[in-house]
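Worksheet: one structure, shown below.
By convention in this document, chain letters (A, B, ...) are assigned in the order of the sequence lines, proteins followed by strands, and residues within each chain are numbered from 1. All figures in this text were calculated on a predicted structure; none of them were measured in a lab. Just so you know, these numbers use all the heavy atoms, side chains as well, and skip hydrogens, waters and symmetry mates.
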Amino acid sequence: MALHSARGKLIGVIGDEDTCVGFLLGGVGELNKNRQPNFMVVDKSTPLQEIEDTLKLFIRRDDISIILINQNIAEMVRHILDQHTAPVPAILEIPSKDSPYDPNKDSILRRAKGLFSADDLK
Amino acid sequence: MCDVESRNVEENLTKNFDELGVSEQEDPNSDLDEELSDLTVDLLILAQDLVEAKVKLEEVSKNGWMDMAKARYIMGSTAISTLQLPKPEEDSDTGIEPSATVSKQECLRDGSKNVRYYHYSLNPPPSAQDTTSQSKQEAAEGLRQRKQESNNGDGDTKGGSKVEEVKKRPKSLSDPVRWFSAMPPAPLKRSQKYFQSGVEIVLEIANLQSQIRGIQNRIKYLKRMKQKQTEN
């Protein structure tokens, strides 16, 4: 772990095949026979429990600072994202090839919108 | 005529303040309200910037996926997939390390010094020259150690272990594009460039999100303070 802190933190990716392959081409991937990968490919047959477990694992890992997750997958694990209030790791909802980005579903923007009620504006 | 009218307006305004029982100088919530309104405006601006950054990431990713599809057309449908990704079980001397790593630093936001957030930045990738020079240096040190051991007359087991340490090479950075092809086609390289710029946009988004979170925390704190003051 000391080696990691000297080297820098990782960017984890949870997404469909093309998203994972794309960001791995970008150089974020780490793969070692001693350590677990920092990415997970999700397809139609991936069980929800596996996605939840991987997301919780990435959140617990101290060598991952940023987690990228496709927005359509984020919808499936919204309950975990809403519970995550710590600043690190930062969880970013990114668009996927099949579903464009929808700001109304973004948990960060929804939290910002929910900060103000009608009483506050009186 | 205008002066008389303006004087009348001023008198009416002061009467209204007196009726409310509040004078301008004695308003305890004015500083809080001012900071709250400034932070609210900042929050809205940052939210807009966040949406724009994500739309930009979507554009860049789409271009990357388009070129990836072109490369697949050239190389075959299964040539660019997760099947080509190196598996953790493979026994290889050289591991694969990321070229894009991130470092974070806690900062105070310019302008609103009470807002703390984490700033993410991309670390420079270690160059190939550094790894080769390191390996040469380690090899030289290993040779020196071996010579010292032969002079000291240590046992064979210790000498053997030193030789093994020299033989273990440091992990080299392999270009991810080489996982898919030894001679990658131009569309695949273009796709890589798009996703590399995508990683930079990801950092921009992370910084915006971190600032939004810092402002949200500060707004919650100020609202609590305001509520306490009104209760008192």
Side-chain angles (χ1 to χ4, degrees), chain A residues 4-11 13 15 17-39 41 43 63-68 71 85-97 100-103 106 108-109 111-116 120-121, chain B residues 40 43-44 47 50-51 54-55 57-58 61-62 64-65 68 80-82 85-92 95-104 117-118 120 122-123 125-126 171 176-177 179-180 188 191-192 194-199 202-203 205-206 209-210 212-214 216 219-220 223:
Chain A
H4 263 295
S5 58
R7 229 181 17 205
K9 305 289 183 179
L10 302 172
I11 300 174
V13 184
E17 186 172 29
D18 283 355
T19 301
C20 286
V21 168
F23 281 102
L24 288 174
L25 274 175
V28 306
E30 187 193 60
L31 211 52
N32 187 298
K33 58 184 175 182
N34 297 325
R35 285 194 293 275
Q36 293 167 339
N38 65 330
F39 59 92
V41 178
D43 55 26
D63 58 345
I64 292 180
S65 272
I66 298 173
I67 299 172
L68 305 180
Q71 197 171 45
T85 52
V88 179
I91 301 179
L92 276 57
E93 294 179 32
I94 59 172
S96 69
K97 204 172 65 169
Y101 173 65
D102 185 358
D106 196 324
I108 300 292
L109 294 174
R111 224 174 266 171
K113 220 193 285 183
L115 208 57
F116 300 101
D120 296 326
L121 301 172
Chain B
T40 307
L43 186 65
L44 290 171
L50 181 71
V51 172
K54 290 205 175 180
V55 168
L57 177 66
E58 191 176 18
S61 300
K62 270 186 188 167
W65 287 321
M68 201 188 292
I80 301 171
S81 69
T82 50
L85 298 178
K87 301 286 186 292
E89 299 87 38
E90 284 173 7
D91 188 18
S92 58
I96 290 156
E97 292 186 359
S99 57
T101 56
V102 168
S103 57
K104 70 176 193 305
Y117 71 101
Y118 282 103
Y120 296 93
L122 206 57
N123 293 333
K171 291 170 191 174
V177 85
W179 298 343
F180 305 101
L188 190 61
S191 177
Q192 186 182 36
Y194 277 122
F195 281 104
Q196 281 169 348
S197 61
V199 170
V202 157
L203 283 180
I205 292 170
Q209 247 178 236
S210 180
I212 286 173
R213 197 180 278 277
Q216 280 173 342
I219 287 174
K220 281 179 193 167
K223 279 185 175 181

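- Comparing G26(A), G27(A), S65(A) by how many heavy-atom pairs each has under 4.5 Å with chain B, the most go to G27(A).
- When heavy atoms are compared at a cutoff of 4.5 Å, S210(B) does not approach chain A at all.
- In this structure, T101(B) OG1 and E30(A) CD are separated by 10.0 Å, a value rounded to the nearest 0.5 Å.
- Closest non-hydrogen pair, L57(B) versus P95(A), comes out as CD2-CD, 4.4 Å.
- Nearest heavy atom pair, residue E93(A) against residue K54(B), reads O-NZ, 3.0 Å.
- No donor-acceptor pair under 3.5 Å is formed between the side chain of W65(B) and the backbone N or O of K97(A).
- Note: D18(A) leads D18(A), T19(A), V21(A) in heavy-atom pairs under 4.5 Å with chain B.
- Distance alone, capped at 3.5 Å, is enough to place a donor-acceptor pair between the R213(B) side chain and the T85(A) backbone.
- In terms of heavy-atom pairs under 4.5 angstrom with chain A, the leader among A47(B), G198(B), A100(B) is A100(B).
- Contact tally against chain A (heavy-atom pairs below 4.5 Å) for L188(B), L122(B), V199(B), I80(B): the top residue is V199(B).
- The contact between V41(A) and chain B is made entirely by side chain atoms (from C-beta outward), counting heavy-atom distances below 4.5 Å.
- Within the 4.5 angstrom heavy-atom criterion, no atom of Y194(B) approaches chain A.
- Contacts between L50(B) and chain A at a heavy-atom distance below 4.5 Å involve the side chain alone, from C-beta outward.
- Contact between N123(B) and G8(A) at its shortest, heavy atoms only, is ND2-CA, 3.3 Å.
- The shortest heavy-atom contact between F195(B) and F23(A) is CD2-N, 4.0 Å.
- Looking only at heavy-atom pairs under 4.5 Å with chain A, the residue among K220(B), K62(B), E58(B), Q196(B) that has the most is E58(B).
- Nearest heavy-atom pair, I91(A) versus Q209(B), reported as atom, atom and distance to 0.1 Å: O-NE2, 3.1 Å.
- For P103(A), the part lying near chain B is the side chain, with the backbone staying farther off; criterion is any non-hydrogen pair under 4.5 Å.
- With a 4.5 angstrom heavy-atom cutoff, L92(A) touches chain B via backbone and side-chain atoms both.
- If you tally non-hydrogen atom pairs under 4.5 Å between each of L25(A), I108(A), I94(A) and chain B, the highest count goes to L25(A).
- Rounding to the nearest 0.5 angstrom, the gap separating the CD1 atom in I205(B) from the CD1 atom in I66(A) is 9.5 Å.
- Using a 4.5 Å cut-off between heavy atoms, N38(A) does not touch chain B at all.
- Looking at every heavy atom in both residues, A90(A) comes nearest to Y120(B) through CB-OH, 3.7 Å.
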